[in-house]
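Below is one structure, written out as structure tokens; comments come after it.
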Amino acid sequence: TGTQGRIDSFFKII
Amino acid sequence: MFEARLAQSAILKKVLEAVKDLLTEATFECSDSGIQVQAMDNAHVSLVSLNLRSDGFDKYRCDRNLSMGMNIGTMTKILRCASSEDTVTLRAWDNPDNIIFIFESQNKEKLSEYEMKLINMDQEHLGIPETVYSCVVKMPSQEFARICKDLSQFGEAITIACSKEGIKFTAAGDYGNANIKLAQTAEADKEEEAVIIDMQEPVKLTFACRYLNSFVKATPLCAQVKLSMSGDVPLVCEYQIGDIGHIRYYLAPKIDD
């Protein structure tokens with residue numbers, strides 16, 4: 001069912 | 001000094017139950033405007049964003065901004081010591097090492113104080129961009145919880161497909177597959193029973209059941225859940241917390257191999 005994405009690859013660290 | 005009081009601890013008890021599966025520790029940012037928490041789970045797959053506005057508290061005082069690192073497991077244990085009808089007060093001094101939880105019974109005859117050590121945390125803060133989502137679905141939170149639970153029996157992931165016809169949840173595994181379709185409600189007697197779909201373009205995304213089943217622990221907070229989705233971006237699963245704020249869960253989708 002695909003590879004699990006990581007949330008911090010979608011939102012930039014500030 | 002920081003002091004925040006809620007007439008009934010039930011809300012805070014439910015908030016803790018709604019985050020304890022995902023977070024072991026989190027920083028509570030307290031300011032004049034209220035309390036905010038933003039934290040990722042250990043695997044960095046999901047993000048919890050909690051907002052409790054100061055005007056939603058029965059009493060709120062925050063003389064200077066505070067960042068308080070809290071152990072969620074300990075905080076959950078402390079909140080479980082309160083009756084739902086108890087008044088709860090959170091209190092901390094400036095530059096605190098501890099936070100104090102004070103529970104007072106309705107008849108004011110029982111007063112309990114729990115002091116919890118704060119922890120130093122170096123947390124990454126993520127900037128969440130304003131996003132216009134392709135599909136925004138509002139549906140009964142209990143229905144969403146039921147669908148996640150039922151479909152989890154068939155596979156470790158649930159595919160959510162949203163079109164103007166409705167929203168379809170699918171799970172497939174070694175033993176079979178299952179799908180559940182919900183149509184937009186034509187006419188709901190009660191607002192909280194409605195399924196409302198606001199669609200700009202169709203969306204199909206796959207998410208890990210494990211996280212969805214953690215998010216639905218927030219079900220007691222609100223009769224409706226709002227799911228916001230766009231292609232290849234995280235799902236937002238939002239529950240309003242009475243008149244005081246909201247909890248949003250962000251979940252990274254599965255990516256095709």
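In the text below, chain A, chain B and the rest are named by the order of the sequence lines, each starting its count at 1. The structure displayed is predicted, hence computed values, not measured ones.
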Result block: side-chain N/O donor-acceptor pairs under 3.5 angstrom for residues 161-177 of chain B, not counting sequence neighbours:
{"unit_1": "B:S163", "atom_1": "OG", "unit_2": "B:E165", "atom_2": "N", "d": "3.3"}
{"unit_1": "B:S163", "atom_1": "OG", "unit_2": "B:E165", "atom_2": "OE1", "d": "3.2"}

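Closest non-hydrogen pair, B:A208 versus A:Q4, comes out as CB-OE1, 3.6 Å. Closest approach of B:P234 to A:F11, counting heavy atoms only: CG-CZ, 3.9 Å. When all heavy atoms of B:A252 and A:G5 are compared, the pair lying nearest together is CB-O, 3.3 Å.
In this structure, the portion of B:D232 lying under 4.5 Å from any heavy atom of chain A is its backbone and not its side chain.
For CG of B:N179, the number of neighbouring non-hydrogen atoms (other residues, nucleotides, ligands) closer than 6.0 Å is greater than 12. Heavy-atom neighbours of B:Q184 CD from other residues, nucleotides or ligands within 6.0 Å: above the threshold of 12. More than 12 heavy atoms of other residues, nucleotides or ligands shown are found within 6.0 angstrom of CG on B:D55. Heavy-atom neighbours of B:K138 NZ from other residues, nucleotides or ligands within 6.0 Å: at or below the threshold of 12.
Sorted by first and then second residue, the salt bridge (charged side-chain N to carboxylate O under 4.0 Å, His left out) pairs involving residues 21-31 of chain B (not counting sequence neighbours) are B:D21-B:K217.
With rounding to the nearest 0.5 angstrom, the CG atom of B:D41 is 9.5 Å from the CZ atom of A:R6.
Annotation: maximal heavy-atom pairing with chain A below 4.5 Å, among B:G155, B:P129, B:A43, B:S46, occurs at B:S46.
Looking at A:I13 and B:L126, their side chains come closer than 4.5 Å, going by heavy atoms from C-beta outward.
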